Amino acid sequence: MTQVETAPSNFIRNIIDSDLETGKHQAIQTRFPPEPNGYLHIGHAKSICLNFGLALDYPQSACNLRFDDTNPLKEDADYVAAIEEDVRWLGFKWAGDIHYSSNYFDQLYAYAVELIENNKAYVCELNAEQTREYRGTLTSAGKDSPFRDRPTAESLDLFARMRAGEFAEGSMMLRAKIDMTSPNMKMRDPVIYRIRFAHHHQTADQWCIYPMYDFTHCISDAIEGITHSLCTLEFEDHRPLYDWVLANISIECKPRQIEFSRLNLQYTLTSKRKLNALIEENIVTAWNDPRMPTISGMRRRGYPAAALREFCKRIGVTKQENTVELASLEACVREDLEANGPRAMAVLDPVKVIITNYDQNTTEQLTAPAHPKDESMGSRTLPFSRELFIDRADFREEANKKYKRLVLGKEVRLRNAYVIKAEQVIKDESGNITEIHCSYDPETLGKNPSDGRKVKGVIHWVDAASNKPAEFRIYERLFLVENPAAAEDIHQALNPESLVVKQGFVELGLVDAQAEKSYQFEREGYFCADSKDSTAEHLVFNRTVALRDSWAG
RNA sequence: UGGGAUAUCGCCAAGCGGUAAGGCACCGGGUUUUGAUCUCGGCAUUCAGAGGUUCAAAUCCUCUUAUCCCAGCCA
C-alpha cells in the first residue's frame with residue numbers, strides 16, 4: 001500500500017496522536033473482530049480499512065484479526081475461511097496468527113471465577129422471562145435477583161457445575177453484580193456466561209458454557225494488548241461495562257474503546273441477518289452474488305479492492321449517522337477501472353451490418369490500443385470484414401441532430417476502424433430490423449475524411465465472422481428504495497431488474513479473459529468474466545458498473 | 001427531568017476562538033475516433049434554532065429543537 005492511500009485525519013487519529021504525544025503509548029495495536037456468522041460486507045470494509053489502515057500508518061503498530069466466536073449456535077467454520085479471504089483480498093495483513101476469542105476460554109473462565117470470588121458476580125437461576133421482568137424498563141429501575149446475594153461459595157460451586165454440564169440450558173447463568181437501578185440498562189447485572197450444549201467450530205465439545213460478548217470482548221482486547229478498541233456507535237452504552245470488567249479483574253492492560261458511526265449506503269442492506277434472508281429466500285444466489293454488498297459479491301462483480309479502500313478513505317470516520325450515496329462508491333470504482341481497465345469492444349444487443357462495398361473474401365487485421373492514454377498496456381488486433389455487428393441502440397432510421405450514432409443515409413465512425421454510411425435497412429415480416437446495409441470509406445482508417453466532412457458519432461462493433469458469443473449480466477441496484485432496511489416489506493422494495501441477461505458478442509481476444517479481471521467495453525461500461533460461471537465455451541461477463549452517461553437524450 | 005450520542009452545501013466531511021478545506025453529485029465552457037476520460041469555471045456572508053461571553057464564535061456558555069442507540073441467556 002502506498003503513501004497516497006494514507007487516510008485523512010479523523011477524530012480517532014487525533015486521539016491516537018495525542019496518546020502518542022503524551023507517551024501513553026509508543027505504538028498502537030488495533031484489531032478487526034468479526035463474528036463468523038456471515039460474510040463481510042461494505043460496512044465491514046470500513047472497519048477493516050480503519051483498523052488495518054491505522055496499524056499501517058503508525059510505526060511499529062499492528063492489527064490483529066480476531067474472530068469473536070462466543071456464540072456457537074450462529075457461527076460456522078466456513079464463514080471463518082470466507083472472512084480471511086476477504087480481508088486478504090482487500091489488501092491487508094494481520095499481525096501473527098489469527099486470533100479467536102475461543103482461544104481465551106480458559107482465561108475467561110478463570111476471570112469469571114475471580115469475579116465471583118470477589119463478590120462481583122453470581123450464579124442466577126431466574127428464567128429468561130423473569131430476568132427480563134427484573135431488569136426493569138428504560139424509565140424504571142430494575143430490581144435485584146433473589147439469587148444476587150447467595151454466598152460466594154455457592155456461586156463458585158454452581159458455576160463449576162455449570163461448566164461440568166450438570167444443568168440444563170437456560171436454568172442458570174452467571175451475572176456480573178453491578179447495579180440493577182443503573183440508568184444504563186447494560187449495567188443492570190449483565191449476563192456474562194450462559195449454558196449452551198452446542199458444538200463449537202473451534203473448541204468442539206470442550207465447553208457447554210459460553211461467555212457473552214461484553215465479558216469476552218474487553219478481556220480479549222486486554223489479552224492481546226489492544227490499545228484502541230474501535231467499534232460502532234451502538235456499543236457506546238457498553239463502554240462503562242467494558243471498563244467495569246477490566247477494572248474488576250486482575251489484568252493490567254486497559255484498552256480504550258472508541259465508537260464511530262457505521263456506514264449506511266443508499267439502496268443497500270448492511271445487516272448480515274437481512275443479507276442472509278435474501279439468500280434463504282433465493283432472491284439472490286449466494287453471499288457472493290454480484291448484487292450483494294458483500295466483499296465477495298463486489299469482488300465477483302469486478303469492484304477493485306483499491307476502489308473499496310479509496311471509498312473508505314473518502315467517506316471518513318466520524319460519530320455522525322450517515323448514509324452515503326451510491327454514486328460516491330461508483331465514482332471510486334470508475335476511477336480505478338478507467339485507469340486500469342484495458343479497452344475492448346462488445347455488442348450486447350446485436351444487429352447485423354453488411355458493408356456492401358467491402359470485398360467478400362477479405363479480412364483485415366486492424367490494430368487498436370488497449371488503452372487510449374496508456375501505451376504501456378499495448379495493443380490488440382481486431383479482425384474486420386464485410387459483415388459486422390453493432391448495437392441496436394446505435395442505429396435509427398430517423399433521428400434529430402443530438403443523436404450522434406448511425407442514422408439511415410448518414411455517416412458514423414466505427415471505433416478503431418472506418419467511417420461507414422447507412423444505405424438501406426432490411427426488415428423481417430414483423431418489421432424488425434435484420435440487416436443494415438452500409439458503404440464504407442476506405443480512406444478513413446486512422447484519419448478523418450480528406451474532404452473535410454465532419455463525422456461526429458463513433459460507435460463500437462464486433463466482426464461477425466470472428467467473434468465470440470458471450471452472455472452479459474447487467475446488474476442494477478437490488479432495491480428500488482433508498483433505505484431498504486426501513487421497508488415494511490422487503491419484497492416490495494426489490495428491483496425486478498436488478499439482473500438482466502443479454503446475449504451478444506465480444507471481440508476475439510476476450511476468449512481467455514481471466515475471471516474478475518476488468519475490461520472497459522467501450523461505450524458500455526466495465527465488465528469482468530464471472531468467476532463462477534464463465535468458461536471458454538460459454539463466456540459470461542458481469543457488468544461492474546456502466547460508464548458515466550451525461551447524454552440527456 | 002431514564003441513560004447515552006449526534007447536529008457544518010443535495011450526500012459524505014475538514015475545521016479545535018482569528019474571519020467556512022476537500023471529495024461525490026449538480027450546472028456551464030473546451031478537447032476528444034468511447035455522449036467515457038481529461039480540462040477550465042460555478043456551486044455555504046454561513047455552520048439545527050434562540051440568547052449570551054469576546055475586539056473577534058461553526059468553534060466558549062445557556063436554553064431550545066430534531067434525529068439515532070439501549071429493556072437478547074446476539075455480537
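Naming: A, B, ... by sequence-line order, numbering from 1 per chain. As the structure is a computational prediction, the values presented were derived from the model and not from experiment.
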Base partner of B:rC55, which must satisfy Watson-Crick or wobble distances under 3.5 Å: B:rG18
How many whole angstroms separate atom CE of A:Met345 from atom P of B:rU34? 12 Å
d(CD1, A:Ile12; P, B:rA13) in whole Å: 12 Å
How many whole angstroms separate atom CG of A:Asn322 from atom C1' of B:rA5? 14 Å
Looking at A:Glu169 and A:Arg194, is any side-chain nitrogen of the basic one under 4.0 Å from a carboxylate oxygen of the acidic one? no
Anything under 30° is parallel, anything over 60° is perpendicular, the rest tilted; go ahead and classify A:His200 against A:Tyr210. parallel
Can you check the distance between B:rA25 and B:rU37, where both ends of the measurement are the P atom (answer in whole Å)? 9 Å
Pick out which of A:Lys421, A:Arg453, A:Lys404 makes a salt bridge (Lys or Arg N to Asp or Glu O under 4.0 Å) with A:Glu411. A:Arg453
Could you identify the nucleotide paired to B:rC11, looking across every strand shown and requiring Watson-Crick or G-U wobble geometry with both distances under 3.5 Å? B:rG23
Taking the six-membered ring for Trp, are A:Trp287 and A:Tyr39 parallel (under 30°), tilted (30 to 60°) or perpendicular (over 60°)? parallel
May I have the distance from A:Leu138 (atom CG) to B:rA5 (atom C1'), rounded to whole angstrom? 15 Å
With rounding to whole Å, what would you report as the distance between B:rU53 and B:rA71 at their P atoms? 44 Å
Report which part of the nucleic acid A:His238 touches: base, sugar-phosphate, or nothing (heavy-atom distance under 4.0 Å, all strands). base
Taking B:rC9 as the reference, what is the distance to B:rC43 when you measure between their C1' atoms (whole Å, please)? 8 Å
Pairwise P distance for B:rA13 and B:rU6, with rounding to whole Å: 13 Å
If you assign each of A:Tyr213 and A:Lys186 to its closest nucleotide in RNA chain B, which residue comes earlier from the 5' end? A:Lys186
Rounded off to whole Å, could you give me the CD-to-P distance for the A:Glu234 and B:rA71 pair? 11 Å
Tell me which nucleotide, if any, is Watson-Crick or G-U wobble paired with B:rG72 when both distances must be under 3.5 Å. none
Value in whole Å for how far the P atom of B:rA7 lies from CD of A:Glu321: 11 Å
If we take the P atom in both B:rG18 and B:rU31, what is their distance in whole Å? 46 Å
What do you reckon, is CD of A:Glu375 surrounded by more than 12 foreign heavy atoms closer than 6.0 Å? no
Answer syn or anti for B:rG28, where the cut-off is 90° from 0 on the glycosidic torsion. anti
Tell which nucleotide pairs with B:rA5, taking only Watson-Crick or G-U wobble pairs whose two distances are both under 3.5 angstrom. B:rU67
Just checking A:Gln520: base, sugar-phosphate only, or nothing, at a heavy-atom cut-off of under 4.0 Å? base
Taking only the side-chain heavy atoms of A:Arg314 (C-beta and beyond), determine which of B:rG35, B:rA25, B:rG23 contains the nearest atom. B:rG23
In whole angstrom, give me the gap between the C1' atoms of B:rC55 and B:rU62. 23 Å
Picking from B:rC69, B:rC12, B:rA25, the nucleotide nearest the side-chain atoms of A:Thr323 would be B:rC12
B:rG2, B:rU8, B:rC74: which one has an atom nearest the side-chain heavy atoms of A:Gln320? B:rU8
Between B:rG49 and B:rU45, how far apart are the two P atoms, rounded to whole Å? 12 Å
For A:Tyr122, does the six-membered ring have the charged nitrogen or CZ of A:Arg150 within the cation-pi criterion, i.e. under 6.0 angstrom from the centroid and within 45° of the normal? no
To the nearest angstrom, how far is A:Asn264 atom CG from B:rU67 atom P? 17 Å
Please give the distance between the C1' atoms of B:rC60 and B:rG22 as a whole number of Å. 27 Å
If you check the A:Asn10 side chain, which of B:rG35, B:rA14, B:rC73 turns out closest? B:rA14
Applying ring pair (Phe, Tyr, Trp, His ring centres under 6.0 Å) to A:Tyr213 and not counting sequence neighbours gives A:His217, A:Phe235
Per nearest nucleotide of RNA chain B, the residue lying toward the 5' end, A:Glu236 or A:Arg343, is A:Glu236
In whole Å, I'd like the distance from the CD atom of A:Glu133 to the P atom of B:rG72. 12 Å
